[in-house]
Amino acid sequence: MHEISGFIASDVLGAMKEIQAVAAGTRCKQPLFSVSLNPPETETVPVAAFEGAIDRIEKANGFEGQPRIVVFHEKEGRRHAHVLWSCIDVATMTAKAITVLQDAPARSLQAALSRSRLADACRADGFQSPRPQEF
């Protein structure tokens, strides 16, 4: 776990339970938005580059100020990043619209690293809300 921000909880399970509890007060069926950043096997991407890309993705998709969880892990010698944002605006108890991921941040990261085709290696998808028993 790299970062948990905007939650009362300080652990991933607690933060997920908070999202579930807040979403229960709405009709939102997808209270989470997730992005996975998986660089090519040939790349060693520093944490700061991931953090910059995550911040740009957040801004481009309207999730600034929303609670988020950032997890890094190593897989086969490569660092990956996974980010979950809460889609619920707790001030209004409404869900932020989930649109198609704006991929400009991925292209920006690719340019910043001056490497080939990082945008193609970055996978982003909408995360279906887990069932309560999966928490």
Side-chain angles (χ1 to χ4, degrees):
M1 194 266 309
H2 179 71
E3 172 192 332
I4 294 180
S5 59
F7 296 98
I8 295 170
S10 59
D11 66 317
V12 173
L13 182 60
M16 296 290 287
K17 287 182 178 182
E18 279 183 50
I19 293 171
Q20 181 183 28
V22 170
T26 72
R27 293 185 306 203
C28 182
K29 295 189 187 321
Q30 292 184 321
L32 301 174
F33 180 76
S34 75
V35 172
S36 297
L37 297 174
N38 300 309
E41 294 175 12
T42 58
E43 302 299 327
T44 301
V45 180
V47 170
F50 278 110
E51 290 171 333
I54 290 165
D55 289 342
R56 288 189 299 277
I57 290 167
E58 180 174 272
K59 183 175 182 176
N61 289 280
F63 284 99
E64 290 175 293
Q66 287 299 108
R68 76 180 187 189
I69 302 166
V70 179
V71 176
F72 287 110
H73 70 94
E74 300 286 327
K75 181 178 178 182
E76 298 176 9
R78 276 187 308 139
R79 180 178 295 126
H80 296 78
H82 301 277
V83 188
L84 290 171
W85 283 273
S86 171
C87 295
I88 308 296
D89 180 338
V90 295
T92 62
M93 289 304 284
T94 58
K96 295 218 170 249
I98 298 176
T99 59
V100 176
L101 177 74
Q102 300 297 316
D103 66 354
R107 286 193 306 270
S108 176
L109 179 60
Q110 176 184 357
L113 294 172
S114 299
R115 305 288 187 200
S116 64
R117 317 267 351 222
L118 182 59
D120 290 342
C122 292
R123 178 178 53 85
D125 57 359
F127 181 75
Q128 296 293 323
S129 174
R131 292 181 296 278
Q133 66 268 23
E134 292 179 335
F135 281 108

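Keep in mind the model is a prediction, meaning the values are calculated, not measured.
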Q: With side-chain contact (heavy atoms from CB on, under 4.5 Å) as the test, would you mind laying out the steps for His2 and Val47 before giving the verdict?
A: CA-CA 10 Å; His2 179 71; Val47 170; 3.8 Å; yes

**Q.** side-chain contact (heavy atoms from CB on, under 4.5 Å) assessment of Val12 paired with Ile4
**A.** CA-CA 7 Å; Val12 173; Ile4 294 180; 4.1 Å; yes

Q: Walk me through it: do Ile88 and Cys28 pass the test side-chain contact (heavy atoms from CB on, under 4.5 Å)?
A: CA-CA 8 Å; Ile88 308 296; Cys28 182; 3.6 Å; yes

**Q.** Audit row: Ile54, Val70, side-chain contact (heavy atoms from CB on, under 4.5 Å) steps and yes/no
**A.** CA-CA 9 Å; Ile54 290 165; Val70 179; 3.8 Å; yes

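The ring-ring contact (aromatic ring centres under 6.0 Å, His included) test applied to His73 returns His80, His82, not counting sequence neighbours. Not counting sequence neighbours, the partners of Arg68 by the salt bridge (Lys or Arg N to Asp or Glu O under 4.0 Å) test are Glu3, Asp55, Glu58.
If you take CH2 on Trp85 and CD1 on Ile69, they are separated by 11.0 Å, rounding to the nearest 0.5 Å. For the atom pair Ser86 OG and Met16 CE, the distance stands at 10.0 Å (nearest 0.5 Å). Rounded to the nearest 0.5 angstrom, Phe33 CZ and Leu84 CG are separated by 10.5 Å. For the atom pair CD (Glu51) and CZ (Arg56), the distance works out to 11.0 Å, reported to the nearest 0.5 Å. In this structure, Ile8 CD1 and Lys17 NZ are separated by 14.5 Å, a value rounded to the nearest 0.5 Å.
In this structure, Glu74 places its CD atom where more than 12 heavy-atom neighbours from other residues, nucleotides or ligands lie under 6.0 Å away.
Asn61 contributes no side-chain N or O that, together with a main-chain N or O of Phe63, makes up a donor-acceptor pair within less than 3.5 Å. A donor-acceptor distance shorter than 3.5 angstrom exists from the side chain of Arg79 to the backbone of Val45, with no hydrogens or angles considered.
The closest side-chain heavy-atom distance from Leu32 to Ile19 is below 4.5 Å.
Taking every heavy atom of both residues into account, Ala9 and Gly14 meet most closely at CB-C, 3.4 Å. Of all heavy-atom pairs between Lys96 and Gln66, the closest is CE-OE1, 3.6 Å. For the pair Ala91 and Asp89, the tightest heavy-atom approach, listed with the atom from each and the gap, is N-OD1, 2.9 Å. Minimum interatomic distance between Gln30 and Cys87 (heavy atoms only, all atoms of both residues): O-SG, 3.8 Å.
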